[in-house]
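Here's the structure we're looking at; comments come further down.
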Amino acid sequence: METTSPEPSTAGNSILRRAIDSISSLISISHSIRVFAGKWQLIRSNLEELHSALIASENPDSGENPSLSGTLRSLLNTADECRDLARRCADVSYSGKLLMQSDLDVTLVKLNHHVKKLDEMYNTGILIRSHALVVSKPCLGASKEDMRFYIRDLLTRMKIGDVGMKKMALINLHEVVVEDDKYVKVIVEIGDVVHLLIEFLGSYEVVIQEESVKMVSLIAGFGDSSYKGVLVGAGVVGNLVKVLERGSEVGKIGAARCLMKLTENSDNAWLVSAHGGVNVLLKICANVDSKGDLVGLSCGVLRNLVGVEEIKRFIVEDGAVSTFIGLVRSKDEAIQVSSIEFIQNIAFRDELVRQMVVREGGVGVMLLVLDPKFSYSSKSKEVVMRALENLCFSSSTCVSTLISYGFVDQLLYYIRKGEVSVQELALKVAFRLCGTSEEAKKALGDAGFMPELVKFLNAKSFEVREMAAEALSGMVKVPKNRKKFVQDDQNISLILQLIDPVDGNSGSKKFLISTLMSLTNCNTGRKKIVSSSYAKNIERLSENEVCSDAKRLVRKLSTNRFLSMLNGIWHS
């Protein structure tokens with residue numbers, strides 16, 4: 001009976017399937033080998049790449065390709081050699097370490113040659129990737145081997161696919177990392193993925209560049225600083241700067257976001273500067289057509305960069321201060337907030353820059369944001385309050401400037417009518433302003449702050465109560481404020497009520513006692529204290545607690561002509 005030869009395509013597909021199975025088996029075996037771990041990791045990486053490339057070529061027409069058949073036969077021979085080495089390493093039955101190491105190196109070279117050969121076939125169109133077969137994404141909790149296999153498959157798609165396939169591979173890569181951060185470690189271990197992502201940052205295909213930027217930024221955002229180090233070591237900074245300069249709007253935003261994460265390390269700040277990134281970032285911020293998100297992120301990168309003194313000096317000399325003062329006027333919240341925060345950062349602990357900000361009108365522009373006539377966002381107002389505190393409160397001259405511009409009246413407005421977050425911050429800023437100078441205390445008193453502070457003495461928040469009490473105790477040290485305060489009988493009565501030792505509501509007794517001590521320096525204050533029905537709380541506090549301030553207050557009130565009055569009230 002005549003034997004019929006198999007159809008060429010069937011024979012070809014059979015050898016392809018044998019090669020796929022053989023390599024898959026080798027990958028599994030390699031995980032159990034404990035000697036020459038570094039060598040076997042490199043061999044396994046090549047095997048995984050070959051496996052993905054072969055699976056990608058598996059289609060009905062594969063067997064008709066003589067070039068592939070020849071490559072597969074050579075590959076099967078290499079696989080047999082590799083299997084023999086794997087068996088001997090697993091059994092530790094080799095004759096010498098140096099000889100085995102040499103054999104492994106030879107096999108590694110052969111496998112690498114096969115990888116390059118298959119890549120060449122795809123690039124020249126000799127092989128066409130099958131669109132029918134898609135490797136399924138491993139389920140959560142999958143083994144590391146399954147995760148590596150999936151990433152290798154995506155890597156192959158990114159290497160040999162058309163634009164659409166590359167895009168889908170990048171999207172799938174992003175999705176799997178978002179779902180399970182263990183994939184980041186796998187990606188970093190398979191170094192080709194990182195290098196290819198960085199290469200894609202320079203792609204002329206906008207969609208590939210954008211997806212790559214998104215993926216790189218995701219890796220940079222993970223807590224392990226070593227991942228950032230891998231990206232930087234692979235040359236990501238230079239390519240990100242190029243995207244920032246010439247990429248699409250989405251690409252630029254992604255690049256700025258990634259650079260902001262990377263420049264948290266000052267060493268990387270120098271790399272951004274070396275690649276011309278400082279000028280690119282400044283141009284983006286100065287460009288009136290730049291969108292809010294991009295300017296905001298660019299400001300974020302620059303905030304990190306000014307932590308390096310030499311870079312900060314360059315930025316200042318380039319005229320950035322006036323540029324960012326101009327941006328404070330922006331109607332876009334992201335641009336406004338970012339520019340204010342940048343000004344605050346660049347002037348931090350730098351008297352010369354702080355003076356420059358004041359001289360070029362930065363304080364006046366920021367105060368416009370607080371003007372109730374303008375409808376700026378609560379976030380912008382909060383950022384301005386913090387910035388003005390950091391910029392001005394360390395200088396008596398600058399505090400005077402703030403007061404002359406009506407800053408105190410603005411704070412009072414927001415304490416009375418602001419949203420809760422703005423109101424609380426205004427109180428904190430007023431409290432800190434009170435501690436800056438005698439002039440500030442007088443200005444706060446003249447503006448009508450003391451009645452507002454009295455109201456906050458009964459606030460639910462301990463922090464608010466304490467701030468109000470401390471600010472009040474400072475303000476009544478000023479004679480003019482003291483006279484105003486005692487005019488309202490309710491003020492003294494409330495303070496005397498709050499120092500009741502039985503009442504656990506007040507955690508601010510020391511400041512309240514300090515306030516009463518100051519009030520005894522004027523006749524009206526002393527009279528109103530001793531004539532109050534709550535005056536006996538002072539004596540109770542001095543007797544029931546270890547409170548030296550209360551004892552001092554009793555002694556002060558118990559002298560001379562007030563003694564009989566006190567005895568009459570306290571012992572009635």
Rounded distance [0.5 Å steps], [atom1] in [X] versus [atom2] in [Y]:
{"X": "I33", "Y": "L85", "atom1": "CD1", "atom2": "CG", "result": "9.0 Å"}
{"X": "I20", "Y": "L50", "atom1": "CD1", "atom2": "CG", "result": "11.0 Å"}
{"X": "L104", "Y": "I43", "atom1": "CG", "atom2": "CD1", "result": "4.5 Å"}
{"X": "L197", "Y": "S217", "atom1": "CG", "atom2": "OG", "result": "12.0 Å"}
{"X": "E310", "Y": "S273", "atom1": "CD", "atom2": "OG", "result": "9.5 Å"}
{"X": "E264", "Y": "L259", "atom1": "CD", "atom2": "CG", "result": "11.5 Å"}

Quick one: do [X] and [Y] make a salt bridge, cutoff under 4.0 Å?
{"X": "E382", "Y": "K379", "value": "no"}
{"X": "E189", "Y": "R148", "value": "yes"}
{"X": "K116", "Y": "D119", "value": "no"}
{"X": "E389", "Y": "K428", "value": "no"}
{"X": "K252", "Y": "E249", "value": "no"}
{"X": "E245", "Y": "K283", "value": "no"}
{"X": "K110", "Y": "E81", "value": "yes"}

Less than 4.5 Å apart, any side-chain heavy atom of [X] and any of [Y]?
{"X": "F348", "Y": "V306", "answer": "no"}
{"X": "L173", "Y": "M158", "answer": "yes"}
{"X": "V422", "Y": "M385", "answer": "yes"}
{"X": "L305", "Y": "V278", "answer": "yes"}
{"X": "I340", "Y": "L327", "answer": "no"}
{"X": "I23", "Y": "I27", "answer": "yes"}
{"X": "Y376", "Y": "V384", "answer": "no"}
{"X": "V232", "Y": "N265", "answer": "no"}

Heavy-atom donor-acceptor pair, [X] side chain to [Y] backbone, under 3.5 Å:
{"X": "T156", "Y": "R152", "value": "yes"}
{"X": "D318", "Y": "A320", "value": "no"}
{"X": "K228", "Y": "A220", "value": "yes"}
{"X": "D146", "Y": "P138", "value": "no"}
{"X": "N46", "Y": "L42", "value": "yes"}
{"X": "S290", "Y": "I284", "value": "yes"}
{"X": "N172", "Y": "M168", "value": "yes"}
{"X": "S298", "Y": "L294", "value": "yes"}
{"X": "S74", "Y": "G70", "value": "no"}
{"X": "N239", "Y": "I198", "value": "yes"}

Counting only heavy atoms not in L98 (residues, nucleotides, ligands), do more than 12 fall under 6.0 Å from its CG?
no
Flag yes if more than 12 heavy atoms outside K312 fall under 6.0 Å of its NZ atom; otherwise flag no.
yes
Could you pull out the closest heavy-atom pair between [X] and [Y], with the gap in Å?
{"X": "L47", "Y": "L111", "result": "CD2-CD2, 4.0 Å"}
{"X": "S338", "Y": "R303", "result": "O-NH1, 3.9 Å"}
{"X": "V213", "Y": "L201", "result": "CG2-CD2, 3.3 Å"}
{"X": "D332", "Y": "G292", "result": "OD2-CA, 3.6 Å"}
{"X": "A19", "Y": "L76", "result": "CA-CD2, 3.7 Å"}
{"X": "A387", "Y": "M366", "result": "CB-SD, 4.0 Å"}

Among side-chain atoms of S28 and E145, is any donor-acceptor pair under 3.5 angstrom?
yes
Dump the intermediate steps for side-chain contact (heavy atoms from CB on, under 4.5 Å) on L262 and L240, then the final yes or no.
CA-CA 11 Å; L262 295 175; L240 286 172; 3.8 Å; yes
Determine, step by step, whether K39 and Q101 satisfy the side-chain contact (heavy atoms from CB on, under 4.5 Å) criterion, reporting the C-alpha distance in whole Å, the side-chain angles of both residues, the deciding distance to 0.1 Å, and the verdict.
CA-CA 8 Å; K39 295 288 183 187; Q101 189 167 331; 3.9 Å; yes
I would like to know whether I151 and Y183 meet side-chain contact (heavy atoms from CB on, under 4.5 Å); could you show each step before the answer?
CA-CA 8 Å; I151 296 301; Y183 277 94; 3.6 Å; yes
Begin with the C-alpha distance, continue with both residues' side-chain angles, and end with the deciding distance and a verdict on side-chain contact (heavy atoms from CB on, under 4.5 Å) for F324 and L302.
CA-CA 11 Å; F324 285 94; L302 288 169; 3.7 Å; yes
Checking K117 now: which residues fulfil salt bridge (charged side-chain N to carboxylate O under 4.0 Å, His left out) with it, not counting sequence neighbours?
none
Not counting sequence neighbours, which residues clear salt bridge (charged side-chain N to carboxylate O under 4.0 Å, His left out) with R313? List them please.
E309, D350
Can you check salt bridge (charged side-chain N to carboxylate O under 4.0 Å, His left out) on E175 and K137, steps first, answer last?
CA-CA 10 Å; E175 285 177 352; K137 180 177 67 177; 5.1 Å; no
